[in-house]
Novice: 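Sharing a structure below in C-alpha cells format, with a few things to ask.
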Amino acid sequence: MDFKIKFNQYNKDDSMMYGNMLLTGNGYFGIRGTFEEYTKEMYGAINMSGIYDRSEPDAWRESVNAPNCIYVKLEADKETYSLPDTLPSNHYHELDFKYGIFTRKTVWKTNKGTITLESERFASMHDKHLVCVKYTVFSDYDCKIKLTSGINTDIWNINGNHFAKVEKTSDNGYINCICTTIEKNIELSLQEYDAINTNCKKSIINDENGIFNVFEINAKKDEKYVLEKITKISSSVDKKASVTDLKKTNYENLKKLHISEWDKIWDISFVEIKGDKEAEKALNFCIYELNAIAPRHTDAGSIPARGLSAQVYKGAIFWDTEMFMFDYFLHTDVSVARTLINYRIKTMGGAMIKAKEYGYEGAFYAWESQEDGIDACSEFNIIDPVSGRPLKTHFRDKQIHISADIIYALKRYVEYTKDYSILDEGGKEMVIQCALFYRSAIVKRLNSNFYELHNCIGPDEYHECINNNAYTNKMAKMVFDYAYELTKNDDTEHALMFKDCADKLYIPSPRKEDDVIEQFDGYFKMENCSVEDLKKREYTKGEYWGGAYGIATQTQILKQADVATMLCMFKDEYSNKILKANFDYYEKRTQHGSSLSACMYSLLGCYLGNAESAYPLFMTSALADLKEERSQWSGKVFIGGTHPASAGGAWMCAILGFAGLGIKDGKITLNPCLPESFEEMNFKIVYNGKKHNIKVTRTKCFVD
Ligand code: BGC
C-alpha cells in the first residue's frame with residue numbers, strides 16, 4: 001500500500017489544511033504539518049498532551065503549546081528564503097504515514113541560480129520526548145548561507161500566552177529553554193542540540209523571539225550542508241524521564257529506533273482491503289492518526305477530541321475517546337485502552353465536584369475534561385447570528401450521558417480482557433459513583449411507576465433540555481445493571497437500590513406502527529422537514545442550528561446519530577427490522593453536522609446487513625482528515641484540527657461492521673457484510689493475550 005500523502009506544489013492558502021492533515025506525533029506531543037520557517041501567523045504548533053493552563057482569569061483554559069523547536073530560517077547572500085513570503089520555483093512535501101515522517105523539498109530561484117532546501121522530521125516513537133529534524137541546504141553556485149536554527153518562543157496560542165516565565169540559556173553546545181506556566185507553575189523544558197556537517201562560523205542569538213544557533217557557511221556549489229536538530233521536550237509533570245543523550249546519538253540512529261516502534265504498531269494494526277485501494281489507504285491513515293496521539297508515555301492519560309493538532313476545544317477530552325476511539329485500542333493494544341480508563345479513574349474527583357455543583361450525588365463527568373477532570377466546557381459557546389450576542393448552550397450541565405459512556409468503555413474493557421484488577425483499582429468505585437449520579441438525576445411522576453431522566457441533551461446537540469432521550473436512558477440503565485452486578489455479592493444496600501433503578505428506568509420502545517424509537521419525549525410532534533428545507537432558512541451561512549434560537553431546535557432534524565448510536569451499542573437487543581426502520585427514519589433527518597455521525601450510521605447499516613448504504617458513510621468517516629471540507633472557524637473561534645473520533649469510528653465500521661467481528665462465549669465470531677468493492681479483508685487483533693490473524697472473503701472467514 002502507498003502510505004504517502006503527497007503535494008507537488010505549495011499553496012499558501014492550504015497551510016491550515018497541511019497543518020492538520022500532515023500532523024506527526026507520538027502521544028506526548030503533536031507537531032502540526034507546517035514548515036520550519038513558519039512563525040505563529042501560519043499556525044504551526046507543538047501541542048502537548050495533558051498540560052493545561054489559563055492565561056488570565058476570563059480566558060478559556062486550554063492545552064499548552066511548546067515553543068517551536070522545529071524552527072529554522074534560511075538566508076543566502078543576505079536574502080531570506082522562506083515560505084510563504086518568498087514563493088518557490090519548485091516545491092514538494094509529503095507525509096509518510098507508515099512512519100510519521102514529514103518530508104519537504106523547496107527550490108528557490110535567485111538571480112545567480114537556485115537554492116534548495118530538503119528536510120525531514122519525526123516525533124520519536126522510541127523516545128517520546130524527542131523532536132528530530134534533518135535539514136539539508138545546497139546551492140548551484142558559491143554563496144554565503146546563514147541558518148538560524150533554534151527554539152522559537154513566539155508561538156501561536158488560541159487563548160493567550162501560557163508562560164509566566166521563559167528562561168533561555170546555552171551551555172556545552174546545547175540551547176535550552178525552560179517555560180513556566182502561569183496557573184500551576186508547570187515547567188516545560190526544551191533542550192536542543194544542533195549538529196552541522198561543516199566547519200563554519202557559529203554564534204547564538206538570545207532575544208525576545210527565542211534562542212537560536214546561527215551557522216554562517218561559505219557554501220560551495222552543489223555541496224550539501226546538513227543540520228541535525230534534535231530537541232528533547234520534558235515537563236515537571238512527566239511520569240518518565242528521557243534517557244537519550246543528545247550528543248551521543250544522531251538523526252539516522254534515532255530514525256531507525258523510531259521506525260522499529262512503528263513497525264511493531266503496524267504489525268498488529270494494518271488492515272488490508274483487497275479490491276478497494278482508496279478505502280484501504282483511508283482506513284490505514286485513520287489508524288496512523290490514532291497511534292500518533294495514543295498516550296503511550298503515561299499509564300493514565302487520554303486523547304483530546306481534536307487529538308494533538310491544536311488547542312481546539314481547549315485540548316479537552318470528550319465522550320469521543322470512549323465511544324469512538326476506544327475500540328481500536330481495545331482490540332490492538334490493550335495497555336492503551338487501560339491507560340484511557342485509568343485517566344477517568346484518576347479524574348473521578350473532578351466528576352464528584354461537578355455532581356455536587358449541580359446538586360447531584362456521585363460522579364458526573366466533565367463534558368470537556370482536562371488534567372484533573374474539572375469541566376472546561378464554557379456556558380456560552382455560540383454566537384447568535386442576528387444580534388451577535390453570545391448564546392448559552394447546555395452541553396456542560398445537561399449532556400449527562402458522558403458518565404455512562406465512560407462506564408460503557410470500562411465494561412467492554414473488563415469483558416474483553418478479563419482484567420478484573422481494574423475494578424479493584426478504582427473501576428468498581430467509578431461504576432458505583434456513576435450509578436449514584438444517575439440515581440440522583442432520576443425523576444418520578446406521582447402517578448407513574450417509571451423512573452425518568454429529564455432536562456438532558458443526547459448525542460444530538462441541536463435539541464437541548466429534553467426528557468427521556470433514548471440513548472441517555474438506555475446507557476444509564478446499563479450503568480445501573482452493571483453497578484448491580486458488581487455490588488450484589490458484597491454491598492446489598494447499594495445493589496438493591498441499583499436494581500430498582502435498572503428495573504424501573506423508562507426505556508422508549510419502538511412505535512407499534514413503524515418500529516421507530518422516539519429520540520426523546522415529543523420528538524415525533526416536532527416539525528417534520530428535510531435538511532435541505534432547513535438550509536434555506538439560514539440567516540447566515542454555516543450558522544449554528546441548535547441552541548436557543550437555532551433553526552433545527554423546533555424540528556426533527558438532528559445534528560448527529562443519536563438513536564442510531566444507541567442501537568449500535570445494544571444491537572443484540574433489537575431485531576433487524578427495528579434496526580432498519582430506525583436507520584431509514586433517522587438517517588435522512590440527520591445533518592451530520594458532527595464528524596461523529598456518519599460512522600455510527602455506517603455501523604448500523606452493517607449490523608442490519610446493508611453494506612451499500614454503510615459504505616459511503618464509512619468513507620465519509622475514514623476521509624474526514626484527508627478531505628478538508630470542514631470549516632476551520634466558527635465566527636472567531638478556531639474549530640479546525642483533526643478528527644480522531646471519526647478515525648476510530650471508521651475502524652469500528654470496517655472491523656466490527658464490514659468484517660462483523662464479535663466475541664461470543666469467549667470465542668471470536670465473524671459476521672461479515674462486505675461492500676461490493678471489498679474482495680477480501682485481512683487484519684489482526686489481540687484477544688486473550690494472543691495475536692489472531694483474521695481473513696474475511698466474500699464466501700469464507702478464517703481466524704487463527
Ligand atoms: C459533537 C460532540 C463531540 C464534540 C467534540 C461536537 O460537535 O456534537 O458529540 O463530542 O463535537 O468532538
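In each ligand, atom 1 is the first atom listed, and ligand 1 is the first ligand listed. Computed over heavy atoms, backbone and side chain alike; hydrogens, waters and symmetry mates excluded.
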Novice: For ligand 1, which atoms have a heavy atom of Trp319 less than 4.0 angstrom away?
Specialist: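 Counting from 1, the qualifying ligand atoms are 2 (C), 3 (C), 9 (O), 10 (O).
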
Novice: Between Glu532 and Lys536, does any NZ, NE, NH1 or NH2 come within less than 4.0 Å of an OD or OE carboxylate oxygen?
Specialist: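 No, no charged N to carboxylate O under 4.0 Å.
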
Novice: Tell me which protein heavy atom sits closest to atom 2 (C) of ligand 1, plus the residue, atom name and distance to 0.1 Å.
Specialist: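 The closest heavy atom on the protein side is Glu461 OE2, 3.6 Å.
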
Novice: Angle between ring planes, Phe318 versus Tyr313, binned at 30° and 60°: parallel, tilted or perpendicular?
Specialist: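 Ring orientation of Phe318 relative to Tyr313: tilted.
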
Novice: Looking at side-chain heavy atoms only, is the closest gap between Tyr365 and Ile400 below 4.5 Å?
Specialist: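 They are not in contact (no side-chain heavy atoms under 4.5 Å apart), so the answer is no.
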
Novice: Suppose we measure from atom 1 (C) of ligand 1 to each protein heavy atom; which comes out shortest, and what is that distance?
Specialist: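 Here the nearest protein heavy atom works out to Gln560 OE1, 3.5 Å.
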
Novice: Is there a side-chain contact between Ile407 and Tyr482, using heavy atoms and a 4.5 Å cut-off?
Specialist: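 Contact flag for Ile407/Tyr482 side chains = yes.
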
Novice: Could a heavy atom of Arg306 be found less than 4.0 Å from some atom of ligand 1?
Specialist: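 Yes.
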
Novice: Measuring only between side-chain heavy atoms, which start at C-beta, is Cys568 closer than 4.5 Å to Tyr607?
Specialist: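 Counting from C-beta outward, Cys568 and Tyr607 do come under 4.5 Å.
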
Novice: Within ligand 1, which atoms have a heavy atom of Ala305 less than 4.0 Å away?
Specialist: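 So the atoms of ligand 1 that pass are 5 (C), 12 (O).
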
Novice: Looking at ligand 1, does any of its N/O atoms fall within less than 3.5 Å of an N/O of Lys559?
Specialist: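 Between Lys559 and ligand 1, an N or O pair is found under 3.5 Å apart.
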
Novice: Would you call Lys314-Glu368 a salt bridge at under 4.0 Å N-O?
Specialist: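 Salt bridge between Lys314 and Glu368, a charged N being under 4.0 Å from a carboxylate O: yes.
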
Novice: Atom 10 (O) of ligand 1: which protein heavy atom is closest, and how many Å away?
Specialist: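 Among all protein heavy atoms, the one nearest atom 10 (O) of ligand 1 is Asp320 OD1, 2.7 Å.
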
